[in-house]
Amino acid sequence: MAKNIYHEAGSEPTLGKYAVAQVTINRMKSPDFGGRVCSVVFEPYQFSWANNRSKRWTTPSGENWVEAKRIAHDVLENGKRIHGLDDALYYHATYVRPSWARRFDRVTKIGLHIFYEV
């Protein structure tokens with residue numbers, strides 16, 4: 001979870017990091033995705049960093065890594081969630097326009113990410 005937060009939202013505001021974590025949690029609960037963090041994160045073509053084997057096997061460092069680990073713990077162990085993102089399963093950066101985004105309902109924009117629900 002922490003690596004996903006770090007690589008997907010490392011330079012985003014704290015709320016954006018929580019939002020990425022929540023999408024991961026929401027996917028764990030969805031029958032369309034795996035029921036475990038690693039199953040969700042490492043599903044092919046879902047999170048761009050996870051397709052890069054060198055990033056999979058390195059351990060980040062620095063302030064953003066410390067915050068990512070804290071948020072991962074807060075989400076996994078303390079059940080921290082963002083109201084309004086309860087059904088969000090997808091997101092993308094504001095600087096890309098994926099074709100799949102038209103099929104889903106836009107929920108909100110946080111930092112440089114736009115979040116969607118089915």
Side-chain angles (χ1 to χ4, degrees):
M1 178 68 79
K3 277 189 174 184
N4 201 42
I5 295 165
Y6 176 84
H7 288 296
E8 290 289 309
S11 60
E12 290 293 300
T14 300
L15 184 62
K17 293 173 184 172
Y18 272 104
V20 164
Q22 187 158 334
V23 166
T24 308
I25 294 290
N26 292 350
R27 286 184 177 199
M28 288 169 55
K29 294 177 181 179
S30 169
D32 296 332
F33 299 93
R36 299 176 52 161
V37 173
C38 289
S39 304
V40 168
V41 171
F42 294 120
E43 186 172 325
Y45 312 110
Q46 295 301 306
F47 299 102
S48 57
W49 76 270
N51 296 316
N52 182 333
R53 289 196 181 275
S54 65
K55 284 186 179 179
R56 280 186 178 195
W57 303 111
T58 57
T59 302
S61 61
E63 278 181 42
N64 288 338
W65 176 237
V66 171
E67 185 177 32
K69 292 190 299 183
R70 181 184 56 76
I71 290 169
H73 181 271
D74 211 14
V75 168
L76 292 170
E77 300 298 322
N78 300 329
K80 174 88 178 215
R81 301 292 185 269
I82 299 171
H83 179 69
L85 288 181
D86 309 297
D87 298 319
L89 290 175
Y90 301 96
Y91 65 88
H92 66 79
T94 56
Y95 50 83
V96 298
R97 302 256 185 252
S99 59
W100 57 259
R102 291 181 298 238
R103 294 181 290 165
F104 304 118
D105 296 323
R106 181 179 169 156
V107 178
T108 193
K109 176 184 172 287
I110 301 172
L112 293 176
H113 287 118
I114 300 170
F115 293 83
Y116 298 86
E117 63 187 19
V118 179

I need the [X] [atom1] to [Y] [atom2] distance, nearest 0.5 Å.
X	Y	atom1	atom2	result
H73	R70	NE2	CZ	11.5 Å
T24	K29	OG1	NZ	12.0 Å
R106	T108	CZ	OG1	7.0 Å
Q22	D87	CD	CG	9.5 Å
L112	H92	CG	NE2	12.0 Å
H113	E8	NE2	CD	6.0 Å

Legend entry - Exercise: identify the closest heavy-atom pair between F47 and V41: CD1-O, 3.5 Å

Inset, instruction - Grab the two heavy atoms, one from A2 and one from A72, that are nearest each other, plus how far apart they are. - result: N-CB, 3.7 Å

For residues 32-39, run the donor-acceptor check on the side chains, cut-off 3.5 Å, and write out each pair with its distance to 0.1 Å, sequence neighbours left out.
none

Does one hydrophobic cluster hold both [X] and [Y], with members joined at side-chain heavy-atom distances below 4.5 Å?
X	Y	result
V20	W65	no
L15	Y90	yes
Y91	W100	yes

Legend entry - Working for side chain to side chain contact (heavy atoms under 4.5 Å, CB included), residues R81 and I25: CA-CA 9 Å; R81 301 292 185 269; I25 294 290; 3.3 Å; yes

Inset, instruction - Begin with the C-alpha distance, continue with both residues' side-chain angles, and end with the deciding distance and a verdict on side chain to side chain contact (heavy atoms under 4.5 Å, CB included) for E67 and T14. - result: CA-CA 8 Å; E67 185 177 32; T14 300; 2.6 Å; yes

With distance as the sole test, does [X] use its side chain to make a donor-acceptor pair with the main-chain N or O of [Y] at under 3.5 Å?
X	Y	answer
N26	E117	no
K3	R56	yes
K69	I71	no
N64	Y6	no
K17	G10	yes

Legend entry - Y18: which of I5, V75, I110 passes side-chain contact (heavy atoms from CB on, under 4.5 Å): V75

Legend entry - From CA spacing to verdict: side chain to side chain contact (heavy atoms under 4.5 Å, CB included), Q46, R27: CA-CA 11 Å; Q46 295 301 306; R27 286 184 177 199; 2.9 Å; yes

